[in-house]
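Numbered from 1 within each chain, the chains take letters A, B, ... in sequence-line order. Excluded from the calculations below are hydrogen atoms, water molecules and symmetry mates; all remaining heavy atoms, backbone and side chain alike, are included.
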Amino acid sequence: MTNLEALIKKCVSQSHIKQFHAHLVATGKFQFCSSRTKLIELCALASDKDVVIARAMLGQTRWPVTNDWNAVIRGLANSPEPTEAITLYCTMKRKLHRPDALTCSFVLKACARGLASIEGMQIHSQCARYGFLGDMLLRTTLLDVYAKAGVLDYAQRLFDEMPVRDVAMWNALIIGQAQGGEPNEAISLFRRMRSEEMRTRLKPNEVTVIGALSACSQLGAFTEGEKVFEFIRSENLDLNIQVSNVVIDMFAKCGRVERAYEVFSKMRCQKSLVSWNTMIMAFAMHGCAIKALELFGKMDEEDIFPDEVSYLSVLCACNHAGLVEDGVRLFNTMAKKGVKPNIKHYGSVVDLLGRAGRLHEALEIISSMHTDPDIVLWQTMLGASKTYGNIEMAEIASGKLKEMGSKACGDFVLLSNIYAARERWDDVGRVREAMKSKDVRKIPGFSYIDVGGIMHKFVNGDYNHPSWEEIYRKLDEIRFKIREYGYVAETNFVLHDIGEEDKENALCHHSEKLAVAFGLISTPEGTSIQVIKNLRICGDCHAMIKLIAKIYNREIIVRDRSRFHKFKDGECSCRDYW
DNA sequence: CTAGGGTTAG
């Protein structure tokens with residue numbers, strides 16, 4: 001028996017599956033031989049190609065046992081097409097074969113990987129009927145299904161209902177919250193895990209800190225991120241590739257590129273492609289294009305082949321520093337290096353050309369694409385058209401956006417502002433009307449600032465902060481000083497995500513301005529003020545904050561979706577064309 | 001040892 005199993009193992013490892021399979025069939029052993037199950041099992045887990053063979057073998061089996069089904073479902077769940085596992089599970093049930101707890105675990109994993117929350121719910125209720133829900137591992141997978149699909153309240157409920165929890169359960173929820181747009185929740189859950197450490201006897205492990213750190217990255221929560229890093233060191237957690245990578249990303253997104261590079265260069269384990277990409281992106285975000293390009297060149301020396309993310313990162317670097325020629329060159333060479341440009345690369349290069357005012361070339365690039373342009377690409381074009389006041393181009397872009405059914409308020413606002421700049425008030429009114437009649441999606445803009453280790457959140461036009469009175473007083477002061485210094489900053493305000501009626505107060509309403517004002521109040525002179533914003537910073541805010549930095553002689557750093565804007569002495573670190 | 005949790009992106 002063990003000899004036979006060893007033989008099967010050898011066959012699978014040497015890709016002699018077909019021959020062995022043929023041998024079993026020829027000798028008539030396939031339908032009866034218990035080693036068939038072993039063969040299917042090993043085959044299903046060997047590689048993505050072999051799963052197909054395993055599935056075919058299952059199809060030829062006259063009386064499959066549960067383990068035959070389980071092996072193939074498990075293999076498919078781990079394959080690039082996890083939803084196939086769900087299909088097979090349905091086949092199994094149709095053939096009236098009763099699944100066991102293992103089957104359900106595997107198919108739930110497939111739901112988690114395939115973000116299939118509806119199917120997950122159905123299997124959830126089936127598990128309840130079969131009485132499988134007492135199974136800790138199955139419950140964790142179920143929790144992960146909901147967490148990954150963003151149904152966080154269900155995930156939370158499963159978590160709360162558990163009388164006893166293990167580390168993986170905490171991890172599944174923390175990571176789910178971190179990835180599901182609730183980074184604050186993730187951090188507080190991590191804190192709770194640590195405070196209950198004595199009672200539960202559970203310590204955060206490498207996986208937990210990955211979740212916590214990725215939440216810190218999103219929030220730009222440097223104080224908290226550094227605490228987690230300290231925890232890693234004090235607990236002697238393994239700084240493996242994945243942990244190191246997420247630490248690099250955290251430092252970078254919290255505004256400490258030097259610290260990120262320090263971790264990158266001192267990594268004890270072998271750097272992975274992700275490490276390189278993360279670091280290049282870190283330099284790109286901080287406007288250090290030369291360093292990003294250098295690092296990109298160094299990959300070659302270390303025999304690491306750049307992938308699509310590497311190219312995107314380095315394109316981003318060129319973009320943020322205004323290195324138009326370098327960017328275009330890189331974009332043109334990537335296909336030759338065997339990396340197929342995807343929609344994000346096109347987006348980057350269109351943005352690059354658009355910001356340089358080369359709108360026609362940008363449009364040419366779009367029409368040369370082999371994939372269909374998406375909404376973001378036309379939004380980029382619209383943004384560039386606004387920057388250069390090109391109405392013809394703006395109409396092309398907004399026409400496409402209309403066709404594609406974009407409901408983002410920013411698109412309408414941008415177009416109306418382009419008309420407003422040319423004083424075409426009829427067109428402005430028309431766009432504003434269209435905005436009212438449709439169900440336009442308002443994307444809330446919000447900003448964070450880390451003061452004393454607490455992340456203070458501001459939304460546009462926010463009066464909810466405990467110190468709002470002081471903040472608005474500060475904003476009045478800023479306004480006054482701007483006039484006093486003779487700067488013209490209050491003209492042509494873009495009314496992102498706020499109504500017409502707020503036009504008068506537009507100056508005070510952007511969330512990042514509120515956060516900056518709070519920073520001025522609550523942090524000592526000589527320190528830098530760092531704000532994180534969820535949307536792209538607009539031209540007016542950019543100009544405004546540049547002025548504030550100059551007037552108050554402070555360093556102000558604003559991170560928007562993809563980059564850091566460092567304002568100092570009336571200058572900005574990154575090249576923009578507003 | 002065998003089923004669950006893991007990083008980069010316009």
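Atom OH of A:Tyr311 is separated from atom P of B:dT8 by 22 Å (rounded to the nearest Å). The nearest whole Å value for the distance from the CG atom in A:Asn70 to the C1' atom in B:dG4 is 15 Å. One atom, CG of A:Asn205, and another, C1' of B:dG4, lie 13 Å apart when rounded to the nearest Å. When rounded to the nearest whole Å, the span between CG of A:Leu143 and C1' of B:dG4 equals 10 Å. Rounded to an integer number of Å, the gap from A:Asn67 CG to B:dT2 P is 16 Å. Rounding to whole angstrom units, CD1 of residue A:Ile304 and P of B:dT8 are separated by 18 Å. Put simply, CG on A:Leu239 is 13 Å from C1' on B:dT7, counting in whole angstrom units. Between the CD1 atom of A:Ile175 and the P atom of B:dT8 there is a distance of 11 Å, given to the nearest Å.
No side-chain donor-acceptor contact under 3.5 Å links A:His320 to the backbone of A:Ala289. In this structure, the side chain of A:Arg165 engages the main chain of A:Phe159 through a donor-acceptor pair within 3.5 Å.
For the contact set between residues 262-280 of chain A and DNA chain B, defined by any heavy atom under 4.0 Å, the members are A:Val274, A:Asn277, A:Thr278. Near DNA chain B, defined here as any heavy-atom distance below 4.0 Å, the residues from residues 146-162 of chain A are A:Lys148, listed numerically. Listed by residue number, A:Met281 are the residues of residues 281-303 of chain A with a heavy-atom contact under 4.0 Å to DNA chain B. The stretch residues 247-254 of chain A comes close to DNA chain B through A:Asp249, A:Lys253, each having a heavy atom under 4.0 Å from the strand.
A side-chain N or O of A:Ser275 and one of A:Ser272 form a donor-acceptor pair less than 3.5 Å apart. Looking at A:Asp100 and A:Thr103, their side chains do bring a donor and an acceptor atom within 3.5 Å of each other.
Of the candidates B:dG4, B:dG6, B:dG10, B:dG10 carries the atom nearest the A:Ser562 side chain, counting heavy atoms from C-beta on. Closest to the side chain of A:Asn245, out of B:dG4, B:dG10, B:dT7, is B:dT7. Here the side chain of A:Glu206 is nearest to one of B:dG6, B:dA9, B:dG4, namely B:dG6. Distance from the side chain of A:Gln242 is smallest to B:dT7 among B:dT7, B:dA9, B:dG4. Residue A:Ala168 has its side chain nearest to B:dG4 when only B:dT8, B:dG4, B:dG6 are considered. In this structure, the nucleotide among B:dG10, B:dT7, B:dG4 sitting nearest to the side chain of A:Thr140 is B:dG4.
Residues satisfying the side chain to side chain donor-acceptor pair (under 3.5 Å) test with A:Asn390, not counting sequence neighbours, are none. A:Glu206 pairs by the salt bridge (charged side-chain N to carboxylate O under 4.0 Å, His left out) definition with nothing, not counting sequence neighbours. Under the rule for a salt bridge (charged side-chain N to carboxylate O under 4.0 Å, His left out), A:Glu182 has no partner lying at least two apart in sequence or in another chain. Residues satisfying the salt bridge (charged side-chain N to carboxylate O under 4.0 Å, His left out) test with A:Glu119, not counting sequence neighbours, are none. Listed by chain and number, the residues in a side chain to side chain donor-acceptor pair (under 3.5 Å) with A:Ser244 amount to none (sequence neighbours excluded). For A:Lys148, the salt bridge (charged side-chain N to carboxylate O under 4.0 Å, His left out) criterion is met by A:Asp144, not counting sequence neighbours. Qualifying side chain to side chain donor-acceptor pair (under 3.5 Å) partners for A:Asp68, counting only residues two or more places apart in sequence or in other chains: A:Arg36, A:Thr37. Looking at residues two or more places apart in sequence or on another chain, you find a ring pair (Phe, Tyr, Trp, His ring centres under 6.0 Å) between A:Tyr146 and A:His124, A:Tyr154.
Note on A:Ile210: a base of the nucleic acid sits closer than 4.0 angstrom, heavy atoms only. No engagement by A:Asp100 is indicated, since no non-hydrogen atom pair under 4.0 Å with the nucleic acid exists. Residue A:Ile343 is in base contact, counting any heavy-atom pair closer than 4.0 Å across all strands shown. Nucleic acid contact for A:Ser214: none, since no nucleic acid atom lies under 4.0 Å from a heavy atom of the residue. The residue A:Ile174 sits apart from the nucleic acid: no heavy atom pair falls under 4.0 Å.
In this structure, A:Arg139 pairs ionically with A:Glu161, as a charged nitrogen and a carboxylate oxygen lie closer than 4.0 Å. Ion pairing between a basic and an acidic side chain is recognised when a charged N comes within 4.0 Å of a carboxylate O; A:Glu41 and A:Lys38 show such pairing.
The neighbour count for A:Glu197 CD, taken as heavy atoms of other residues, nucleotides or ligands under 6.0 Å away, is above 12.
Residue A:Gln379 places no side-chain N or O under 4.0 Å from the OP1 or OP2 atom of B:dG10. Remark: A:Lys109 is in phosphate contact with B:dG4, judged by side-chain N or O atoms under 4.0 Å from OP1 or OP2.
Side-chain to base pairing of A:Asp166 with B:dG4: one donor and one acceptor N or O lie within less than 3.5 Å of each other. The base of B:dG10 sits within donor-acceptor range of the side chain of A:Asp374, with an N or O pair under 3.5 Å.
For A:Phe331 and A:Tyr311, the ring centers sit 6.0 Å or farther from each other.
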